[in-house]
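Working notes, beginning with the structure itself.
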Amino acid sequence: MPAKIPATVVTGFLGAGKTTLIRHMLQNAQGKRIALIINEFGDLGVDGDILKGCGDEVCTEDDIVELSNGCICCTVADDFIPTMEALLARDQKPDHIVIETSGLALPQPLVRAFNWPGISTKVTVDGVVTVVDGRAVHDGQFAHNVAAVDAQRAQDENLDHETPLSELFEDQIACADMIVVNKTDLLDGSEADTLTARLKSESRSGVQVVKASMGALPVDVLLGQGIGAESDLAARHEIHHHHHHDDDEEEDHDHEHEHGHDEFESFIVTRGEISDANAFAEQVADTIRAHDILRLKGFVAVTGKPMRLTLQAVGPRVDTYFDQPFGDAPRHTRLVVIGEAGLDQAVITAALSR
C-alpha cells in the first residue's frame with residue numbers, strides 16, 4: 001500500500017501570523033510539492049490572494065484551495081471531504097498538504113475528519129501546529145486586536161459569543177503537537193523564555209514549543225513530525241464543545257521575510273558503525289531529552305547488517321527502519337541535528353559518539 005500523504009493543520013487566533021508562517025514555508029519548501037487548503041470566511045479571500053503570490057513550482061495556484069462556505073468543523077461532509085478527495089484523485093499528488101484553519105476554528109473536529117472513510121487510508125495528520133502571538137499572549141490578550149475578533153464574532157449569530165478567548169486558546173493548545181511562539185522580535189529574551197516555558201508546562205507531554213520571528217521556521221522543523229494525530233484524539237480532548245470560527249485576515253506586522261533562520265541551527269555528527277540498534281536509539285532519545293533537540297535524522301551503519309538503518313526523531317520519539325543496502329557506499333553513521341540556536345555541538349557530538 002502506498003505511504004499516506006502527510007497533512008499539517010495550522011491553527012491559531014486572528015493575527016497570530018499563520019499566513020506569514022505558511023508563506024515562508026512555501027518560499028523555502030526545498031522542492032516539496034505542497035497543496036494548501038485555506039478555510040476562511042467573507043467575500044474577500046485575503047489569505048488566498050497573499051499565498052497565491054508564492055510564485056513557485058512547488059505550490060502553483062492550482063495547489064491552493066479556499067473553503068469559504070463556513071467553518072470546517074461545520075462543513076466536513078459537504079466541503080472539506082470532497083476537497084480532500086479531489087486533491088487525492090489528481091495524477092500528480094502533493095508531497096504534503098497544509099491546512100490553514102480560520103481564526104477561531106478549533107482543530108479537534110478537523111483532525112477527527114481524517115478518520116472519514118475514503119481519506120483515512122490515504123492521508124494522515126503529520127501534526128497540529130498552533131501559532132500564537134507572543135507579544136499578545138505575554139500581555140494576557142491572546143490576540144493582537146481583541147476588539148476586532150469580538151466584532152467579527154458578533155457578525156455571525158451561529159458563533160459562540162460568550163466563551164472567553166482564554167478558553168478557546170486552551171483548546172488550541174490542547175490539540176497542538178507544536179506551539180509556535182511567533183513575533184518574538186517584539187519580546188525581550190527573558191520574556192520570550194518565560195512565555196515558552198509557561199506554554200510548555202500547560203501543554204501535553206512531548207509537545208514542542210519553538211520561538212519564531214515573522215513566521216520563519218525551517219521546513220524540517222515545521223513539517224515531518226509524523227504524529228498521526230487522528231489516532232490520538234483522546235489525548236487532545238476539547239475542553240469546550242462549541243463551534244468557534246472567525247475570518248482570518250492576518251494583521252501581522254509588516255516585515256520582509258528574508259531573515260533566514262537565525263533562531264535555529266543544525267549540524268552533522270559522523271561516527272562509525274554501532275553494534276546495537278535498539279541501544280543506540282535509546283542513546284539518541286536520551287541525548288535529545290538532555291539537550292532539547294527538535295529533530296534528529298540520518299543513516300546508521302549497524303555491525304553485521306548489510307542494510308543501512310534510517311533513523312528519524314521528533315523530540316524524544318525515535319523511529320528506525322532498514323531501508324536499502326549500503327552497497328559500495330562507506331559504512332558511516334551520519335546524523336543531522338536540528339534545534340534552536342545555542343545547541344552545545346561538542347557535548348551533543350560526544351553524547352552521540354559514545
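Residue numbers count from 1 along this sequence.
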- Item | Criterion side chain to side chain contact (heavy atoms under 4.5 Å, CB included) against Val180, the qualifying member of Val221, Thr130, Leu21 | Leu21
Just by distance, with hydrogens left out, do [X] and [Y] show a side-chain donor and acceptor under 3.5 Å apart?
{"X": "Asp323", "Y": "Thr310", "answer": "yes"}
{"X": "Glu273", "Y": "Thr303", "answer": "yes"}
{"X": "Thr124", "Y": "Glu230", "answer": "yes"}

- Item | Sequence neighbours excluded, every pair satisfying salt bridge (Lys or Arg N to Asp or Glu O under 4.0 Å) that has a member inside residues 116-132 | none
- Using the salt bridge (Lys or Arg N to Asp or Glu O under 4.0 Å) rule, collect all pairs that involve residues 209-222, keeping only residues at least two apart or in two chains. Asp193-Lys211, Asp220-Lys297
- Query: Mind checking what makes side chain to side chain contact (heavy atoms under 4.5 Å, CB included) contact with Val207, not counting sequence neighbours?
  - Reply: Ile179, Ser203, Arg204
- Query: Excluding sequence neighbours, so at least two apart, what forms side chain to side chain contact (heavy atoms under 4.5 Å, CB included) with Glu191?
  - Reply: Arg135, His138, Leu187, Asp188
- Apart from Val269 itself, members of its ILVMFWY cluster (side-chain separation under 4.5 Å) are Phe267, Ile274, Phe280, Val284, Ile288, Ile293, Leu296, Val300, Val302, Met307, Leu309, Leu311, Val318, Phe322, Leu335, Val337, Leu343, Ile348, Leu352
- Query: Who else is in Phe326's hydrophobic cluster (ILVMFWY, side-chain heavy atoms under 4.5 Å, direct or via others)?
  - Reply: none
- Message: Can you pull out every side-chain hydrogen bond (donor to acceptor under 3.5 Å, both in side chains) where at least one residue sits in residues 344-354? Sequence neighbours excluded, please.
- Response: Glu265-Gln345
- Query: Above 12 or not: heavy atoms from other molecules or residues under 6.0 Å from CZ of Arg271?
  - Reply: yes
side-chain hydrogen bond (donor to acceptor under 3.5 Å, both in side chains) involving [X] - partner list, sequence neighbours excluded:
{"X": "Lys200", "value": "Asp292"}
{"X": "Asp276", "value": "none"}
{"X": "Asp319", "value": "none"}
{"X": "Thr8", "value": "His96"}

- Salt-bridge contact Lys32-Asp95 (side-chain N to carboxylate O under 4.0 Å): no
- What are the two closest non-hydrogen atoms of Glu100 and Lys18, and how far apart are they? OE2-CB, 3.7 Å
- Item | Short side-chain to backbone donor-acceptor contact, Thr184 and Ala212, under 3.5 Å | yes
- Query: Does Arg33 reach the main-chain N or O of Pro94 with its side chain, forming a donor-acceptor pair under 3.5 Å?
  - Reply: no
- With Glu85, which residues qualify under salt bridge (Lys or Arg N to Asp or Glu O under 4.0 Å), at least two apart? none
